[in-house]
Amino acid sequence: RDPVHPVFSIDQTHELLSDWQLESALEAGEALLAADPENPEVWYLAGRIQHARGEHLAALALVRAAADAGLAEAAQFL
């Protein structure tokens, strides 16, 4: 996959998560992280995906990093 032009958008990935398509959401989240590894919104979304999959420690690290970067939604999730 080309990290400059990710296959999935953040909105599409939110939709996959909302529809409980967790494996597809995970794939999309990983693509977004590869394409934009410094984006707190992507960290938060990836954390929510991990949380939904039951990977709570991985989720906590991602969500906490997003919250520490100033993303209000992530702080509220904690």
Side-chain angles (χ1 to χ4, degrees):
R1 294 184 191 233
D2 178 1
V4 176
H5 301 95
V7 175
F8 302 97
S9 72
I10 289 176
D11 288 341
Q12 289 170 320
T13 307
H14 274 291
E15 286 180 30
L16 290 169
L17 180 58
S18 293
D19 291 343
W20 285 94
Q21 296 180 38
L22 298 183
E23 290 309 308
S24 295
L26 178 63
E27 179 184 353
E30 289 174 346
L32 287 169
L33 280 170
D36 195 2
E38 300 301 318
N39 185 337
E41 187 175 352
V42 173
W43 303 340
Y44 173 58
L45 178 56
R48 289 187 52 228
I49 293 165
Q50 292 293 6
H51 184 266
R53 295 179 69 242
E55 300 291 337
H56 297 119
L57 289 177
L60 181 60
L62 287 160
V63 174
R64 183 169 284 144
D68 289 347
L71 191 67
E73 301 151 82
Q76 292 170 356
F77 190 80
L78 294 172

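Computed from a predicted model, the values in this text were never measured in an experiment.
The two atoms that bring Ala25 and Ile49 nearest to each other are O-CD1, 3.2 Å, heavy atoms only. Across every non-hydrogen atom of Ala67 and Ala74, the tightest pair is N-CB, 3.5 Å. The two residues Ala59 and Gly47 make their nearest non-hydrogen contact at CB-O, 3.1 Å.
Considering only residues two or more places apart in sequence or on other chains, His56 meets the ring-ring contact (aromatic ring centres under 6.0 Å, His included) condition with His51. Qualifying side-chain contact (heavy atoms from CB on, under 4.5 Å) partners for Gln12, counting only residues two or more places apart in sequence or in other chains: Phe8, Ser9. Taking the side-chain contact (heavy atoms from CB on, under 4.5 Å) definition, one finds that Leu33 meets it with Val42, Trp43, Ala46, sequence neighbours left out. With sequence neighbours left out, Gln21 forms a side-chain contact (heavy atoms from CB on, under 4.5 Å) with Leu16, Asp19, Ser24.
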Task: Residue pair Ile10, Asp36: steps toward the side-chain contact (heavy atoms from CB on, under 4.5 Å) verdict - done: CA-CA 11 Å; Ile10 289 176; Asp36 195 2; 5.9 Å; no
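A distance of 10.5 Å separates CG of Leu26 from OG1 of Thr13, quoted to the nearest 0.5 Å.
The salt bridge (charged side-chain N to carboxylate O under 4.0 Å, His left out) pairs that include a residue from residues 43-57 are Glu23-Arg53, where partners are two or more places apart or lie in different chains. Listed by first then second residue, pairs satisfying ring pair (Phe, Tyr, Trp, His ring centres under 6.0 Å) with a partner in residues 16-41 number zero, not counting sequence neighbours. Note on residues 66-78: no pairs pass salt bridge (charged side-chain N to carboxylate O under 4.0 Å, His left out), not counting sequence neighbours.
Grouped with Phe77 in one hydrophobic cluster are Tyr44, Leu60, Val63, Leu71, Leu78, the linkage being side-chain heavy-atom contacts under 4.5 Å among Ile, Leu, Val, Met, Phe, Trp and Tyr residues.
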